[in-house]
2 protein chains.
Amino acid sequence: MPGVEVKEIFSGHIKEKGLRNTRQREIILEAFLSANKHITVEDLFNIVKKKHPEIGYATVHRNLKLMCESGLAEEIKIGTSKAKFELKYGHEHHDHLICLNCGKFIEVNDEKIEKLQVKLAEENDFQPVRHKLEIYGFCKKCR
Amino acid sequence: MPGVEVKEIFSGHIKEKGLRNTRQREIILEAFLSANKHITVEDLFNIVKKKHPEIGYATVHRNLKLMCESGLAEEIKIGTSKAKFELKYGHEHHDHLICLNCGKFIEVNDEKIEKLQVKLAEENDFQPVRHKLEIYGFCKKCR
DNA sequence: GGGTTTATTGATAATGAATATCATTATTGT
DNA sequence: ACAATAATGATATTCATTATCAATAAACCC
Ligand SMILES: [Mn+2]
Ligand SMILES: [Mn+2]
Ligand SMILES: [Zn+2]
Ligand SMILES: [Zn+2]
């Protein structure tokens, strides 16, 4: 039963906020959990549409946003292209290596860098909350 | 004579590419050099407009882009807000601390982080070209 | 200088992603 | 079942960015 816990968390968040559980939310969340990470609204909409052509783009968009609010998902914006969403729950924080040729995303994490970032912020009287590190270049296949 | 060298570089780039030097380019470049860093197209357009109301928004936009192509300027995109442009020439590479409250940009650089990024990329068979590190949080005044 | 070529300009339109609107539908608590 | 109201889905709007195009003006040649 993959994703059961995630579904409960989402459902819980919805109740807490006085929102309502709907058939569409369930369908969209399940599709999101089954799909690739780094999916756009449009991608997810197209997947959902296959089995549920009655569900609209706006609903997919709204629910992805809601998943972000609930902490389940995270929105990633790269340049001017469409925002991508990835499942956050159950995944450690990570940054991305992004191939300039094929668009591949490689997830990485480096504790030393993370710690140095905090130190760097503090040295500048700055209280860090979150950060974004993206390294652009060429992946193994494309170099 | 601040900016003389920059102007020559821009002018040189224009000739190399078979483009043309214009009155507007000169005015826009000078305004950019005199203005704050981290300026938007609209900001620069409004500055230029004061003395030169005949110069259009599109021309300011195109020339900021051209400055980027020539390596003089750099475009910074934060979230979905308007792109900002900063003078690159004569400034070392740096990253930004960005205040979530007042929007302040603090320029920082950390050699250790820079080196670890290269190492991290290489460990993933990835050839790094450029990167973007943004730390969001609260500045001294806003924390 | 005069003439020719064509890059540039400026006003405006087009684009595209994200979000807002709103009448209708569906969920929740009673 | 009922009332209240959140959610939906189709569509419109927003907003930054980029494209279009007729008019203008650099740059080069003579
Ligand atoms: Mn990180
Ligand atoms: Mn850096
Ligand atoms: Zn690649
Ligand atoms: Zn601040």
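For the pair A:Asn21 and D:dA7, the criterion of a side-chain N or O lying under 4.0 Å from OP1 or OP2 is not met. An OP1 or OP2 oxygen of D:dT8 is reached within less than 4.0 angstrom by a side-chain nitrogen or oxygen of A:Asn63. Checking the phosphate oxygens (OP1, OP2) of D:dT18, a side-chain nitrogen or oxygen of B:Lys65 falls inside 4.0 Å.
Distance B:Ile55 CD1 to D:dA25 C1': 14 Å, rounded to the nearest Å. Nucleotide D:dA7 holds its P atom 15 Å from the CZ atom of A:Arg23, rounded to whole Å. Separating the CD atom of B:Glu69 from the P atom of D:dT18 is a distance of 11 Å, rounded to the nearest angstrom. The separation between B:Lys84 atom NZ and D:dT17 atom C1' is 16 Å, rounded to whole Å. A:Tyr57 places its OH atom 18 Å from the P atom of C:dT21, with the value rounded to the nearest Å. Atom P of nucleotide C:dG16 and atom NZ of B:Lys82 are separated by 21 Å, given to the nearest angstrom. One interatomic measurement links the two molecules: NZ of A:Lys77 to C1' of D:dC15, which rounds to 13 Å at whole-angstrom precision. Note: CD (A:Glu26) to P (C:dA26) measures 17 Å, nearest angstrom.
Residue A:Asn36 qualifies as open at atom CG: its count of foreign heavy atoms under 6.0 Å is 12 or below. Around NZ of A:Lys132, the count of heavy atoms belonging to other residues, nucleotides or ligands within 6.0 Å exceeds 12. More than 12 heavy atoms of other residues, nucleotides or ligands sit less than 6.0 Å from atom CG of B:Asn46. Heavy-atom neighbours of B:Lys37 NZ from other residues, nucleotides or ligands within 6.0 Å: above the threshold of 12.
Among the protein residues, A:Glu54 comes within range of the sugar-phosphate backbone only, with heavy atoms under 4.0 Å from sugar or phosphate atoms but none that close to a base. Backbone-only contact: A:Arg25 has heavy atoms under 4.0 Å from sugar-phosphate atoms and none from a base. Contact annotation for B:Thr22: backbone-only contact, meaning every heavy-atom pair under 4.0 Å involves sugar-phosphate atoms and none involves a base.
Nearer the 5' end of DNA chain C, as judged by each residue's closest nucleotide, is the contact made by B:Pro53, out of A:Glu42 and B:Pro53. Both B:Thr80 and B:Ile14 lie close to DNA chain C; mapped to their nearest nucleotides by heavy-atom distance, the more 5′-ward contact belongs to B:Ile14. Between B:Lys15 and A:Leu66, the residue anchored nearer the 5' end of DNA chain D, judged by the nucleotide with its closest heavy atom, is A:Leu66.
The listed nucleotides are C:dT28, D:dA27, D:dT8; the one nearest the side chain of A:Gln24 is D:dT8. For B:Leu19, the listed nucleotide lying nearest its side chain is C:dA7; candidates were C:dA7, D:dG9, C:dG10. The side chain of A:Arg20 lies closest to D:dA4, out of C:dA18, D:dT18, D:dA4. Proximity note for A:His61 (side chain, C-beta onward) versus C:dT9, C:dA18, D:dT8: the nearest is C:dA18. Nearest to the side chain of A:Arg62, among D:dG9, C:dA18, C:dG10, sits D:dG9.
Ring geometry for A:His96 against A:His38 counts as perpendicular: the plane angle is over 60°, on a 0 to 90° scale with 30° as the lower cut.
Across A:Arg25, A:Lys7, A:Arg23, A:Lys51, a single residue satisfies salt bridge (charged side-chain N to carboxylate O under 4.0 Å, His left out) together with A:Glu30, and that is A:Lys7.
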